Amino acid sequence: MYLQDLHIHIERGPYTVEWIEQFVNTAVRRNINEITLLEHSVRFKDFHCTFKEAREYNLYQKKWFEEKRKTAHTLDEFKALAYEIKSRDYPVKINFGIEVCWFEQHREKIAELVSDGFFDYVLGSVHWIDNWTFNQRKYQWLGRDVNKIYARYFEMENTLMESGIFDIIAHPDLVRCHSIYPDYDLTDTYREFCKIAKENGVAVEMNTARGQKNGINEDFFKIAKEEGVTFSTGSDAHSPQDVGKGIREVMLKLGAKQI
């Protein structure tokens with residue numbers, strides 16, 4: 001079985017060979033054949049202009065952004081690290097990618113920043129609904145219309161996939177992160193999502209973070225398999241010890257087309 005972990009964050013350490021090799025060593029121990037090392041787009045100064053409205057949305061988000069800005073790198077620094085690693089021989093295939101926060105109003109800038117073909121995989125994710133961060137704190141949902149949140153979330157996921165920018169849509173049911181659910185059935189929503197993923201050649205990520213069995217919930221997973229989407233697998237690791245967690249288990253469940 002060929003095992004891929006295409007979603008690994010390196011943000012908690014320096015841009016050094018020694019730090020990267022800690023991720024590689026864990027992949028080897030877990031018999032992972034291929035990994036993708038990446039950063040969130042907010043970790044790059046080049047992308048900070050795409051967070052303009054989110055930064056100004058409220059005081060909490062401004063403070064969050066300012067903390068991220070203190071340790072941000074440039075894309076050129078990341079690319080230099082990638083070229084160094086790719087010049088060496090390792091027992092696993094090593095890709096370099098990026099996880100981009102999707103802001104519809106900055107579609108052209110996002111496309112421009114990833115247009116040089118450097119990234120092996122460009123992941124897109126909806127962490128912000130119209131510039132509001134829904135996944136960081138549960139209390140942020142107080143007083144909000146849950147049905148509207150879900151509707152807009154999946155609308156943004158669809159525009160993400162239709163943009164032509166991304167290879168993979170990361171953790172596509174992140175909106176369920178606080179176990180708050182709408183009062184309407186999501187079957188049609190999931191089916192539309194899967195049709196758009198197929199039409200646009202975007203892989204649906206099976207994200208194994210937080211002990212998820214499939215990476216997406218069972219109803220979503222069943223429809224995705226029925227619709228014949230292409231899947232990717234990723235641990236969403238933020239530390240070397242989490243590389244490859246759950247990948248073998250989710251691959252055994254898939255029995256479907258893999259990226």
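Positions are given from 1 along the sequence. Just so we're clear, the structure is a prediction, and the values are computed from it rather than from any experiment.
Tyr60 and Phe134 fall into different hydrophobic clusters, where Ile, Leu, Val, Met, Phe, Trp and Tyr residues are linked whenever their side-chain heavy atoms come under 4.5 Å apart, directly or through other members. With hydrophobic clusters built from ILVMFWY side chains whose heavy atoms lie under 4.5 angstrom apart, Tyr121 does not share a cluster with Val42. The same ILVMFWY cluster, assembled from side-chain heavy atoms under 4.5 Å apart, contains both Ile110 and Leu75. At a threshold of 4.5 Å between side-chain heavy atoms, the hydrophobic network of Ile, Leu, Val, Met, Phe, Trp and Tyr places Ile196 and Ile223 in one connected group. The hydrophobic cluster containing Trp64 does not contain Val100, counting ILVMFWY residues as joined when their side-chain heavy atoms lie under 4.5 angstrom apart, directly or transitively.
Ile10 is not listed as a side-chain neighbour of Leu38, based on a closest heavy-atom distance of 4.5 Å or more. Considering only heavy atoms from C-beta on, Phe103 stays 4.5 Å or farther from Lys109 through its side chain. The side-chain heavy atoms of Phe65 and Tyr57, taken from C-beta on, include no pair separated by under 4.5 Å. Within the 4.5 Å cutoff, side-chain heavy atoms of Thr133 are placed close to those of Gln136. Asn95 places a side-chain heavy atom less than 4.5 Å from the side chain of Lys93. Under the 4.5 Å side-chain criterion, counting only non-hydrogen atoms from C-beta, His171 is not in contact with Arg176. Under the 4.5 Å side-chain criterion, counting only non-hydrogen atoms from C-beta, Arg248 is not in contact with Met251. Within the 4.5 Å cutoff, no side-chain heavy atoms of Val204 are placed close to those of Thr230.
Side-chain atoms of Asp145 and Tyr150 include no donor-acceptor pair closer than 3.5 Å. No hydrogens or angles considered: nothing links the side chains of Gln140 and Asn135 as a donor-acceptor pair under 3.5 Å. Side chain to side chain, Asp236 and His9 meet the donor-acceptor criterion of an N or O pair below 3.5 Å. Remark: the Ser235 side chain and the Asp5 side chain contain an N/O donor-acceptor pair separated by less than 3.5 Å. Looking only at atom types and distance, the side chain of Asn33 has no donor-acceptor partner in the side chain of Gln4 under 3.5 Å away. Thr159 and Arg107 form no side-chain donor-acceptor contact under 3.5 Å, judged by distance and modelled atom types alone. In this model, a donor atom of one side chain and an acceptor atom of the other lie less than 3.5 Å apart for Thr187 and Asp185. Side-chain contact of Glu21 with Tyr90: a donor-acceptor pair under 3.5 Å is present, judged by distance alone. A donor-acceptor contact under 3.5 angstrom links the side chains of His7 and Glu205, judged on distance only.
Scanning both residues, Lys45 and Thr74, for their nearest heavy atoms gives CD-CG2, 4.1 Å. For Glu162 against Asn200, the heavy-atom pair with the smallest separation is CA-OD1, 3.7 Å. Considering every non-hydrogen atom in both Pro240 and Thr26, the closest pair reads O-OG1, 3.0 Å. When all heavy atoms are compared, the tightest approach of Lys86 to Ile94 is CE-O, 3.6 Å. Scanning all heavy atoms of the two residues, the minimum distance from Cys194 to Phe220 falls at SG-CE2, 4.0 Å. Minimum heavy-atom separation, Ile169 to Pro172: O-CD, 3.9 Å.
Checked by atom type and distance alone, the side chain of Ser41 never pairs as donor or acceptor with a backbone atom of Phe47 at under 3.5 Å. Remark: side-chain polar atoms of Asn207 are not paired, donor with acceptor, to backbone N or O of Ile216 under 3.5 angstrom. In this structure a side-chain-to-backbone donor-acceptor pair under 3.5 Å is present from Lys225 to Leu254. Remark: the backbone N or O of Ile165 is paired with a side-chain donor or acceptor of Ser163 at under 3.5 angstrom. Side-chain atoms of Arg43 come within 3.5 Å of backbone atoms of Thr71 as a donor-acceptor pair (strictly under, hydrogens ignored). The backbone N or O of Ile149 lies less than 3.5 Å from no partner atom in the side chain of Arg144, so there is not a single donor-acceptor pair. Although no hydrogens or angles enter the test, the distance criterion places a donor-acceptor pair under 3.5 Å between the side chain of Asn58 and the main chain of Gln61.
The neighbour count for Glu108 CD, taken as heavy atoms of other residues, nucleotides or ligands under 6.0 Å away, does not exceed 12.
Under the 6.0 Å cut-off for aromatic ring centres, His106 and Phe51 do not qualify, their centroids lying 6.0 Å or more apart. With ring centers used as reference points, Phe44 lies under 6.0 Å from Phe78.
With respect to Trp102, the ring pair (Phe, Tyr, Trp, His ring centres under 6.0 Å) criterion is satisfied by exactly one of Trp128, Phe166, Tyr153: Phe166. Checked options Lys198, Arg191, Lys195; the residue passing with Glu226 is Arg191 (criterion: salt bridge (charged side-chain N to carboxylate O under 4.0 Å, His left out)).
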Could you go step by step and tell me if Met1 and Leu252 meet the side chain to side chain contact (heavy atoms under 4.5 Å, CB included) rule? CA-CA 9 Å; Met1 184 186 299; Leu252 289 171; 3.2 Å; yes

Apply side chain to side chain contact (heavy atoms under 4.5 Å, CB included) to residues Phe221 and Tyr190 and explain how you reach the verdict. CA-CA 9 Å; Phe221 180 59; Tyr190 293 150; over 6 Å; no

Lys52 and Glu56: salt bridge (Lys or Arg N to Asp or Glu O under 4.0 Å), yes or no, with the steps? CA-CA 6 Å; Lys52 180 179 183 296; Glu56 296 172 354; 3.7 Å; yes

Please walk me through it: do Asp167 and Val202 pass side chain to side chain contact (heavy atoms under 4.5 Å, CB included)? CA-CA 5 Å; Asp167 303 302; Val202 178; over 6 Å; no

Take Glu84 and Arg88 through the test salt bridge (Lys or Arg N to Asp or Glu O under 4.0 Å) and record every step on the way to the result. CA-CA 7 Å; Glu84 173 63 26; Arg88 298 166 179 255; 2.8 Å; yes

Applying side chain to side chain contact (heavy atoms under 4.5 Å, CB included) to Asp120 and Thr36, what does each step give before you reach the verdict? CA-CA 8 Å; Asp120 297 299; Thr36 297; 5.7 Å; no

So Arg152 and Glu104, salt bridge (Lys or Arg N to Asp or Glu O under 4.0 Å) or not? Walk me through it. CA-CA 12 Å; Arg152 182 62 179 135; Glu104 292 171 331; 2.6 Å; yes

Using ring-ring contact (aromatic ring centres under 6.0 Å, His included), reason through Phe118 and Phe96 one step at a time and then give a plain yes or no. CA-CA 8 Å; Phe118 164 78; Phe96 281 83; 7.1 Å; no

Does the pair His40 and His238 meet the rule for a ring-ring contact (aromatic ring centres under 6.0 Å, His included), with working shown? CA-CA 11 Å; His40 289 287; His238 283 64; 5.7 Å; yes

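By the side-chain hydrogen bond (donor to acceptor under 3.5 Å, both in side chains) test, Glu11 is found to be paired with no residue, residues two or more places apart in sequence or in another chain being considered. For His73, the ring pair (Phe, Tyr, Trp, His ring centres under 6.0 Å) partners at least two apart in sequence or on another chain are Tyr15. Scored by the side chain to side chain contact (heavy atoms under 4.5 Å, CB included) test, Lys63 finds Leu59 as partners (sequence neighbours excluded).
One finds a salt bridge joining Asp116 and Lys79 here, because a Lys/Arg side-chain nitrogen approaches an Asp/Glu carboxylate oxygen to under 4.0 Å.
The cationic group of Arg12 does not satisfy the cation-pi geometry with Trp19, failing either the under 6.0 Å distance to the six-membered ring centre or the 45° limit from the ring axis.
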